[in-house]
Novice: 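Pasting in a structure now, in structure tokens, and then I'll have a few things to ask.
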Amino acid sequence: MSDALNTQAAQLADEAAAALLATTGEADLANAKARYLGKQGSITALLKQIPTLEPDDRRNAGRAVNEAKRAVEAVFAQRRESLKDAALSAGGDGPVDVTLPGRSGWRGHEHPVTLAWDAICDIFSSMGFTIHEGPQVETEWHNFEALNIPAGHPAREMQDTFYIEDGVVLRTHTSPVQIRTMLQHEPPLRMICPGPVYRKDNDLTHTPMFHQVEGLVVDRNTTMAELKGVLAEFARAFFGPGTEVRFRPSYFPFTEPSAEVDVSCVFCSGSGCRVCSNTGWLEVLGSGMVDPEVFRAIGGDAFDPDEVQGFAFGMGIDRLAMLRYGIPDLRMLFENDVRLLAQF
Ligand code: DAH
């Protein structure tokens with residue numbers, strides 16, 4: 001009796017394996033499994049017969065039927081995996097095109113203002129300038145008075161300046177960092193300070209926050225000629241070697257004499273276009289020799305205006321970035337549209 005069961009178990013195992021391997025899908029596979037191992041399955045039926053056997057035969061038959069059962073379960077598991085793999089690579093309606101490029105992740109890009117900022121720092125560093133930073137919340141004294149902008153000066157009127165509280169403002173330019181640097185370091189000084197500045201201004205060409213970089217040189221024999229040389233060198237390094245530079249007399253409270261600096265238009269090379277309003281020139285920065293009043297505000301022998309001279313300059317990083325990268329609208333710099341950023 002047990003021999004018959006053994007043979008039957010082995011036969012059923014072979015038959016089940018063949019049936020399972022012949023299945024073509026999940027449901028098909030589940031049905032085949034049920035036919036052999038389910039409640040009404042033929043291998044299950046053999047297992048049910050075991051208790052009816054003579055005690056001596058039970059162990060023998062039990063081992064044979066359980067072996068058959070395990071073998072069928074193993075084939076089932078193997079078939080389930082290979083059907084799953086086949087379904088995956090069949091992917092929906094048809095086979096997967098393995099030659100298609102994979103999906104790559106998003107790559108970050110540096111913002112054009114950051115790129116311009118870094119380029120400016122590199123150029124001035126190579127000319128021996130150190131880089132400083134100052135607070136964005138500033139006292140009126142550092143932002144105005146020490147820079148020879150007395151109370152009542154138009155630049156101090158409420159419509160231009162964000163006041164935090166009496167005597168405290170959001171800095172309206174990076175020039176106060178000149179003051180802070182001179183209060184901490186004695187000449188000779190060669191420094192620049194890039195950073196955000198704030199003004200109550202919001203239209204096509206102004207944003208309430210923008211970026212400036214200020215420069216300051218203080219030494220015993222600093223001249224307007226050195227100022228011109230440094231700024232011309234900067235303009236050529238930043239906009240390209242063919243860039244022309246012109247200095248126009250101007251006025252700033254903290255410099256005397258003062259000059260505004262134009263570069264030949266980077267779009268039309270000076271022949272005249274919409275960007276330069278057909279003048280061939282673009283105004284890019286303000287500059288001048290440090291007014292002795294500024295040294296007097298610092299005080300002390302080290303900044304005695306009879307002993308030292310200096311020059312200073314200031315420019316808008318956002319505008320420089322627009323000109324260098326050909327960005328037509330200031331607002332594009334603040335929208336953070338990845339389609340713009342991805343170009344850099
Ligand atoms: N602080 C000026 C501004 O915000 C820019 C400037 C002009 C800075 C001339 C200077 C300078 O140091 O010499 O508009």
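Atoms within a ligand are numbered from 1 in the order they appear, just like the ligands themselves. Nothing here was measured: the structure is a model prediction, and the numbers come from that model.
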Novice: Which protein heavy atom lies closest to atom 5 (C) of ligand 1, and at what distance to 0.1 Å?
Specialist: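 Of the protein heavy atoms, G314 CA, 4.1 Å lies nearest.
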Novice: Which option out of R199, E214, E260, E256 puts a heavy atom nearest to atom 10 (C) of ligand 1?
Specialist: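 The option holding the nearest heavy atom is E214.
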Novice: Would you say G215 and ligand 1 have an N/O pair spaced under 3.5 Å apart?
Specialist: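 No, there is no polar N/O contact under 3.5 Å.
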Novice: Whether the side chain of S250 engages the backbone of S258 through a donor-acceptor N/O pair (distance < 3.5 Å, no angle test) should be reported.
Specialist: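 Flag not set: sc S250 to bb S258 has no pair under 3.5 Å.
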Novice: Give me the atom names and distance for the closest heavy-atom approach of Q309 to R220.
Specialist: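 In terms of heavy atoms, the two residues are closest at OE1-O, 3.3 Å.
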Novice: Of the non-hydrogen atoms in V294 and M182, which two are nearest, and what is the gap between them?
Specialist: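 Result for this residue pair: CG1-CE, 3.9 Å.
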Novice: With heavy-atom distances below 4.0 Å as the criterion, list the atoms of ligand 1 near G288.
Specialist: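 Heavy-atom distances to G288 below 4.0 Å select 13 (O).
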Novice: Return yes if some donor-acceptor pair links the side-chain N/O of T161 with the main-chain N/O of Y163 below 3.5 Å, else return no.
Specialist: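 It does not hold such a pair.
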Novice: Output the list of atoms in ligand 1 that are nearer than 4.0 Å to some heavy atom of S175, sorted by atom number.
Specialist: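 Result: 1 (N), 8 (C).
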Novice: For atom 11 (C) of ligand 1, which protein heavy atom lies nearest, and how many Å away is it?
Specialist: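 Going by distance alone, atom 11 (C) of ligand 1 is nearest to F254 CE1, 3.5 Å.
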Novice: State whether the side chain of T44 and the backbone N or O of Q40 hold a donor-acceptor pair below 3.5 Å, judged by distance alone.
Specialist: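 It does not hold such a pair.
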Novice: Taking only heavy atoms of Q178 into account, list the atoms of ligand 1 that are under 4.0 Å away from them.
Specialist: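 Ligand 1 atoms under the 4.0 Å threshold to Q178: 12 (O).
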Novice: So does R171 get a backbone contact from the side chain of N143, meaning a donor-acceptor N/O pair under 3.5 Å?
Specialist: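 Not confirmed, N143 side chain does not pair with R171 backbone.
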Novice: Using a strict 4.0 Å cut-off to heavy atoms of A312, name the atoms of ligand 1 that fall inside it.
Specialist: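 Contacts of ligand 1 toward A312, numbered from 1: 12 (O), 13 (O).
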Novice: Does E81 come within less than 4.0 Å of K84, counting only side-chain N to carboxylate O?
Specialist: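 Between K84 and E81 there is a salt bridge, with a charged N closer than 4.0 Å to a carboxylate O.
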Novice: Check ligand 1 against T255 and write out every atom of the ligand that is under 4.0 Å from a heavy-atom position of the residue.
Specialist: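 So the answer, numbered in order with elements, is 13 (O).
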Novice: Go through ligand 1 atom by atom and flag the ones less than 4.0 Å from a non-hydrogen atom of G286.
Specialist: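 Selected atoms, number and element: 7 (C), 9 (C), 11 (C).
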